[in-house]
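To start, the structure under review is shown below, and the notes come after it.
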Amino acid sequence: MSFGSEADTRVNGTVRGSATMDDASTAGEAIGRDRTVAVVGTGTMGQGIAQVALAAGHTVRLHDSAPGRAAEAVAAIGARLDRLVEKGRMTAVDREAAGGRLHAAADLAELADAALVVEAIVEDLAVKKRLFADLEEVVADDALLATNTSSLSVTAIAGGLRLPGRFVGLHFFNPAPLLPLVEVVRGFASDETAATRAYETVKAWGKTPVRCADTPGFIVNRIARPFYAEAFRVYEEGGADPATIDAALRECGGFRMGPFELTDLIGQDVNEAVTRSVWESFFQDPKFTPSLAQRRLVESGRLGRKSGHGWYPYAEGAERPAPHTAPPAKAPERITVRGGLGPAEPLVALFEAAGIAVEREEGEGGDGRVVLPGGAELHLADGEASFPYQREIVYFDLALDYAAAGRIVLAARDGIAPEVLGEAVGLFQALGKQVSVIGDVPGMIVARTVAMLVDLAVDAVDRGVATAEDVDTAMRLGVNYPVGPLEWGARLGHRRAAMLLDALHGRYPTGRYAPCPGLARRAYAEEEAR
Ligand SMILES: NC(=O)c1ccc[n+]([C@@H]2O[C@H](COP(=O)([O-])OP(=O)(O)OC[C@H]3O[C@@H](n4cnc5c(N)ncnc54)[C@H](O)[C@@H]3O)[C@@H](O)[C@H]2O)c1
């Protein structure tokens with residue numbers, strides 16, 4: 001039965017009776033628009049989810065334990081629909097009809113006809129468990145039960161249920177009416193049929209669902225951790241300041257926002273709580289270690305935009321610090337490119353287009369490099385620092401797209417002669433790029449962040465958390481990454497990512513950077529195929 005035919009059923013005035021989960025007519029299909037959806041907890045997320053279900057044509061019942069809150073939510077959703085009508089995004093007739101289908105339920109017992117209940121109450125395991133135990137007494141045995149928890153175990157919430165098979169996670173993102181991604185989380189005891197019904201239902205609501213196993217952080221909050229953590233580490237090590245790191249990830253890495261400005265927007269307390277929860281759920285695995293610098297911000301009350309100060313100041317008139325940008329320097333007239341530059345190969349055509357004479361030479365094993373007349377050798381960030389070399393190695397960071405990048409980031413050892421470094425700066429400035437010079441940090445900024453994202457994404461796929469396609473979809477839609485981490489891994493090369501992490505593991509032997517077995521295996525296969 002399709003979504004459309006169920007809608008027709010309603011038009012014809014036929015209301016479907018309840019069926020059991022195993023009923024072949026409903027197994028794995030979307031819940032019909034003629035069925036009631038209940039939302040419990042009518043704060044930020046509950047209201048958003050209710051609006052989505054309402055827009056899809058369901059009758060929606062709202063319940064909240066705080067007296068009067070469900071009625072307030074009905075009014076707030078109504079006001080939002082009114083604004084959609086004003087903006088011409090909803091017809092007055094549809095608005096009227098939607099209003100007629102939205103009801104506040106003062107008592108949980110009023111949710112008895114719900115075919116799906118989505119819970120969005122306080123993030124507390126005991127409170128959620130109690131609610132679902134009560135709900136099981138109210139709804140039919142074939143009703144789907146879903147939690148919108150961001151950080152609790154779906155399996156644990158379902159732990160005490162009489163029928164845990166019909167329980168799943170439906171993790172919407174805020175604001176739910178606007179953001180397309182929904183992680184459909186299958187708990188340890190969830191039936192495949194229940195997960196598929198939940199998946200098909202949110203798909204019919206116009207969302208982009210992805211399937212995932214019940215794991216700390218699900219897909220997005222698990223794999224995104226190093227995006228914040230690596231930036232905070234580079235800052236803690238004195239490699240660069242927040243504005244420069246943000247600019248590197250935005251203008252060179254292609255991310256929509258940098259980690260410092262993004263966590264100021266999210267709230268340092270909220271972002272840190274997610275990190276700590278994932279880290280603790282993984283029994284303090286060093287891949288997820290939180291940041292001391294962020295801890296200090298939270299302790300001091302610098303929570304970000306909402307408190308007027310986070311990594312950056314937000315008081316009226318406060319100036320946002322600018323990234324460090326190198327002053328103009330003279331470009332070399334000719335350069336030698338020795339060997340292939342791998343992911344940085346597009347730079348060669350850009351150098352030539354800028355009028356720089358490029359001489360190409362065979363490489364002597366290992367990675368390619370750009371040799372400048374003044375003596376500097378430019379290498380793509382590989383996880384090493386430049387200080388141990390006898391030669392003047394200047395590292396440049398990985399870019400998502402070297403032609404489109406507005407900024408190139410360089411790292412060199414302390415004490416490098418200014419004219420030697422200046423020639424490297426001038427070379428990239430000749431391409432019309434801003435250049436930032438950071439400290440001699442192994443793996444730099446974008447390269448180490450991307451390598452860690454690739455590592456966690458590969459590991460999640462290998463452990464059956466989600467398919468590669470769903471991981472990439474989730475990271476693009478959930479946190480706006482310019483490409484999914486698995487696609488990025490394929491572009492960069494697993495071998496390169498694994499070698500970079502191996503080098504970092506040598507410098508920081510905590511286990512954080514040890515490539516996961518699946519990355520090492522893929523790297524080996526690439527090596528064999530060379
Ligand atoms: N805010 C987000 O960005 C976001 C995103 C995804 C998931 N989540 C998850 O969604 C859930 C709700 O988050 P929120 O930000 O909407 O919270 P919120 O504080 O805005 O709203 C929670 C509501 O639940 C009500 N409530 C508390 N205990 C209840 C109970 N026992 N029975 C009925 N109602 C109860 C409260 O009165 C309140 O109105 C949490 O599990 C959270 O982790 C939040």
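Each ligand, and each atom within it, is numbered from 1 in the order the structure gives. Every heavy atom of this structure was used, including side-chain atoms; hydrogens, water molecules and symmetry mates were not.
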Counting only heavy atoms, tell me which of [options] gets closest to [atom].
| atom | options | answer |
| --- | --- | --- |
| atom 30 (C) of ligand 1 | Ala176, Gly43, Ser65 | Ser65 |
| atom 4 (C) of ligand 1 | His171, Glu72, Met45 | Met45 |
| atom 22 (C) of ligand 1 | Ala120, Gly41, Ala273, Ala66 | Ala120 |

With sequence neighbours left out, write down each residue that passes ring-ring contact (aromatic ring centres under 6.0 Å, His included) with Phe255, or none if nothing qualifies. Phe227, Tyr481, Trp488
Could you list which atoms of ligand 1 come closer than 4.0 Å to a heavy atom of [X]?
| X | result |
| --- | --- |
| Lys128 | 40 (C), 41 (O) |
| Val40 | 33 (C) |
| Glu123 | 40 (C), 41 (O), 42 (C), 43 (O) |
| Arg69 | 36 (C), 37 (O), 38 (C), 39 (O) |
| Val127 | 31 (N) |

Would you indicate whether [X], at its atom [atom1], is surrounded by more than 12 heavy atoms from other residues, nucleotides or ligands within a distance under 6.0 Å?
| X | atom1 | value |
| --- | --- | --- |
| Gln284 | CD | yes |
| Glu96 | CD | no |
| Lys203 | NZ | no |
| Glu469 | CD | no |

Is it true that a side-chain atom of Ser307 and a backbone atom of Arg302 form a donor plus acceptor pair closer than 3.5 Å? no
Under 3.5 Å donor-acceptor, Arg222 side chain and Phe218 backbone: no
Looking only at heavy atoms of Gln47, does any of them come nearer than 4.0 Å to an atom of ligand 1? no
Quick check: [X] and ligand 1, any N/O pair under 3.5 Å apart?
| X | value |
| --- | --- |
| Thr44 | yes |
| Ser150 | yes |
| Thr149 | no |

Are Thr467 and Arg211 close enough, and set up right, to give a side chain to side chain donor-acceptor pair (under 3.5 Å), and what steps lead you there? CA-CA 8 Å; Thr467 64; Arg211 291 173 193 273; over 6 Å; no
Provide, to 0.1 Å, the distance between [atom] and the closest protein heavy atom, together with that atom's residue and name.
| atom | value |
| --- | --- |
| atom 40 (C) of ligand 1 | Ile121 O, 3.2 Å |
| atom 3 (O) of ligand 1 | Asn174 CB, 3.3 Å |
| atom 37 (O) of ligand 1 | Asp64 OD1, 2.7 Å |
| atom 10 (O) of ligand 1 | Asn148 ND2, 3.0 Å |

Contact bool for atom 16 (O) of ligand 1 (protein heavy atom, d < 4.0 Å): yes
Kindly compute the distance separating NZ (Lys129) from CD1 (Ile157), expressed to the nearest 0.5 Å. 9.5 Å
With a heavy-atom distance limit of 4.0 Å, tell me whether [X] approaches ligand 1 through its side chain, its backbone, both, or neither.
| X | result |
| --- | --- |
| Arg130 | neither |
| Leu152 | neither |
| Val122 | both |
| Phe172 | backbone |

In the structure I gave you, are the side-chain heavy atoms of Arg276 and Val298 within less than 4.5 Å of one another anywhere? no
Validate the cation-pi geometry between Arg320 and Tyr312: distance from NZ or CZ to the six-membered ring centre under 6.0 Å, angle to the ring axis within 45°. yes
Side chain to side chain donor-acceptor pair (under 3.5 Å) between Gln47 and Thr42, worked out: CA-CA 5 Å; Gln47 288 185 24; Thr42 61; 5.3 Å; no
Geometric class of the Phe288/Phe282 ring pair [parallel <30°, tilted 30-60°, perpendicular >60°]: parallel
